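Take a look at the structure set out below.
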Amino acid sequence: MKLAIFGATGRTGKPLVEQALQAGYEVTALARTPSKLGISNPKLTIIQGDVLNKADVEKTVQGADTVISVLGHSKDTPRTMLTESTKYMLAAMEKFGVKRIIILTGAGVDDAHDKPKLVNHLIKGALKMISGDVLKDSVQMVEELKKSNTDWTVVRVPRLMDGPHTGKYRVGWVGINTGTQIVRPDVADFLLKQVKDTTYLRQAPMISN
C-alpha cells in the first residue's frame, strides 16, 4: 500500500514517515527541501515541489492509496495555504481515483461532538487572538473536506510536544476524555492507524496523551 504524505519534513511529518516505512508502507512525500527529511529508504520517494503547485500535488498523489497531510503554517506561508493545498489534494484524488484522506489540524477547530469546558473556551480565545488567520484557514480546510466525496478523517490535536513514541493516548472530543498536549510520534501512530481503521470515517476526533 502506498501513502502520499504532505508536510513530511515537519516535526510531526518526520516520525510519520519513519513509522510508515517501519510498517511496510511505500511512501511518496512532497517537500520543498527534500534534504530536510533526512531519511533514506528504498520504499521512500521524495518529490521536490510545493503544496501550492497543482502539478506537484498531482505527482505526489498519483498511484497512492491514501493521502495524509500534516501540513502546518510557518512564517512564510500564505494565509490560506491549508485550504488551497487541500483543494489541490482533493482535485488530484478525484483525478486518480483515491478515496481516503487523513488530515491533521488543531483542537481549535470545532466539532458537533465537542462539549468544551471553561479551559477550552479560554484556549480557543487565545488562539483567535494569537493566530486567528491560521485558525480560520484550518476551519475552511475542514469545510472543503466535508464538501468532498472522499473518505476523510480529521485528526485534531492540542499542544504538540517532542518526546518518545509511547503508543498510549486518549481519543475523544474537545472537553471529553482529552488532555492539553500530545507527543508528535503518538500523533503519527494514530494517523497511520486511520489508514485501515474506519471507526472515525468522516469524523474529527481529538487525541491527547
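No experiment lies behind these values; they were computed from the predicted model shown. The first residue in the sequence is number 1, and the count goes up from there.
- Shown here is R170, whose CZ atom has more than 12 heavy atoms of other residues, nucleotides or ligands within 6.0 Å.
- The aromatic rings of F190 and Y200 are tilted relative to each other, their planes meeting at an angle between 30° and 60°.
- K99 NZ: more than 12 foreign heavy atoms inside a 6.0 Å radius.
- For the atom pair CG of D110 and CG of L135, the computed distance is 8.0 Å after rounding to the nearest 0.5 Å.
- For R202 and D151, the salt-bridge test passes: some basic side-chain N is under 4.0 Å from an acidic carboxylate O.
- Interatomic distance, OH of Y25 versus CG of L192, reported as 6.5 Å (0.5 Å rounding).
- Across all non-hydrogen atoms, the minimal contact from S138 to T105 is CB-OG1, 3.4 Å.
- Salt-bridge formation is detected for the pair D76/R32: a Lys NZ or Arg NE/NH1/NH2 atom is positioned less than 4.0 Å from an Asp or Glu carboxylate oxygen.
- The minimum heavy-atom distance linking M206 with P158 is given by the pair CE-CB, 3.7 Å.
- To the nearest 0.5 Å, atoms CZ (R156) and CG (D111) are separated by 4.5 Å.
- Within 6.0 Å of CD in E94 there are 12 or fewer heavy atoms belonging to other residues, nucleotides or ligands.
- Looking only at side-chain heavy atoms (C-beta outward), V183 and H165 stay at 4.5 Å or farther from each other.
- Under a hydrophobic clustering in which Ile, Leu, Val, Met, Phe, Trp and Tyr are joined whenever their side-chain heavy atoms come within less than 4.5 Å, directly or via other members, V70 and I47 fall into different clusters.
- Partner of R100 under the side chain to side chain donor-acceptor pair (under 3.5 Å) criterion, chosen from T66, D65, T198, T153: T153.
- The line from OG1 of T86 to CD of E143 is 12.0 Å long, rounded to the nearest 0.5 Å.
- Nearest heavy-atom pair across L37 and A8 is CD1-O, 3.2 Å.
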